[in-house]
Amino acid sequence: VLEVRSATAVDDSTLRAIDLATWSTQVSPAPVPAEGQPFFGERLSPDDVLVAVRDGEVVGYVTLRPGPLPSNAHVVQVNGLAVHPSHQRQGVARRLLDEAATRVRRRGARKLTLRVLGHNAAARRLYASCGYVVEGVLVDEFVLDGVPVDDVFMARFLD
Ligand SMILES: CC(C)(COP(=O)(O)OP(=O)(O)OC[C@H]1O[C@@H](n2cnc3c(N)ncnc32)[C@H](O)[C@@H]1OP(=O)(O)O)[C@@H](O)C(=O)NCCC(=O)NCCS
């Protein structure tokens, strides 16, 4: 059984481990997560995170951030998504994104947005199959392993 629930502080070390297991320059422009650094902190609280639980084990997460201004509070950004490598290609990410859409829509959101590296083919295919479309591209926004990489903005309207 695959369930999705809100994260709690107890999930910290498991989410950290998933983050480390999935980090690469293929999927993230940020440096490798520092050893011993907690997952939750000033910029990310458990309330912003949904976790996927399979047979009692947390196997993936999605982080959601509402727009900071009243004028864009109807837009929620998916700013983190990862599934543990041993649980990938089993529909976990799709389920997390579906559940995220259901929950934010219930709270009045109209649009989900995200940013994905141009060369992250797996994630781009996932997002496209979940109804996200490209809204714009920042060309050569990052240099990763010496190679220029685009930052692709995608969105899905919830109406
Ligand atoms: C991207 C990621 C979250 C997908 O998680 P997942 O649980 O394996 O995805 P799902 O099983 O729900 O896949 C749904 C669809 O996405 C696409 N997809 C997912 N992984 C893929 C891959 N490795 N190659 C090609 N397509 C892929 C497929 O269309 C898939 O449907 P299918 O399995 O019926 O063909 C996972 O690979 C991951 O954690 N990657 C590292 C972190 C990352 O890239 N995060 C996104 C940053 S923007």
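Excluded from the calculations below are hydrogen atoms, water molecules and symmetry mates; all remaining heavy atoms, backbone and side chain alike, are included. As the structure lists them, so they are numbered: ligands from 1, and atoms in each ligand from 1.
Closest to atom 42 (C) of ligand 1, if we only count protein heavy atoms, is Leu81 O, 3.6 Å. Closest to atom 12 (O) of ligand 1, if we only count protein heavy atoms, is Arg94 N, 2.9 Å. At the top of the distance list for atom 36 (C) of ligand 1, counting protein heavy atoms only, stands Gln88 NE2, 3.6 Å. Considering only non-hydrogen protein atoms, atom 13 (O) of ligand 1 sits nearest to Leu126 CD1, 4.0 Å. Scanning the protein heavy atoms around atom 7 (O) of ligand 1, the nearest turns out to be Ala93 N, 3.0 Å. Looking at atom 32 (P) of ligand 1, its nearest protein heavy atom turns out to be Arg89 NH2, 3.8 Å. Distance from atom 26 (N) of ligand 1 to its nearest protein heavy atom, with residue and atom name: Arg125 CD, 3.5 Å. The closest protein non-hydrogen atom to atom 11 (O) of ligand 1 is Gly91 N, 2.7 Å.
Ligand-side atoms of ligand 1 in range of Arg115: 48 (S), range being under 4.0 angstrom from any heavy atom. Taking every heavy atom of Gln90 and a limit of under 4.0 angstrom, the matching atoms of ligand 1 come to 11 (O).
Under a 4.0 Å heavy-atom criterion, His84 is not in contact with ligand 1. At least one heavy atom of Tyr127 sits under 4.0 Å from some atom of ligand 1.
In terms of modelled atom types and a separation under 3.5 Å, the side chain of Ser28 and the main chain of Thr25 share no donor-acceptor contact. A donor-acceptor pair is defined here as one N or O able to donate and one able to accept, closer than 3.5 Å; such a pair exists between the side chain of Trp23 and the backbone of Ala30. Counting only distance, with no hydrogens or angles, the side chain of Asp12 and the backbone of Ala9 share no donor-acceptor pair below 3.5 Å. A distance-only check finds no donor-acceptor pair linking the side chain of Glu135 to the backbone of Met154 [under 3.5 Å].
Looking at Arg115 and Gln77, their side chains never bring a donor and an acceptor atom within 3.5 Å of each other.
Thr63 meets the side-chain hydrogen bond (donor to acceptor under 3.5 Å, both in side chains) test with Asn79; sequence neighbours excluded.
Using a cutoff of 4.0 Å between basic side-chain nitrogens and carboxylate oxygens, Asp159 and Arg110 are scored as salt-bridged. A salt bridge links Asp19 to Arg16: at least one charged side-chain nitrogen sits closer than 4.0 Å to a carboxylate oxygen.
Only the side chain of Asn120 comes within contact range of ligand 1, with a heavy atom under 4.0 Å; no backbone atom does.
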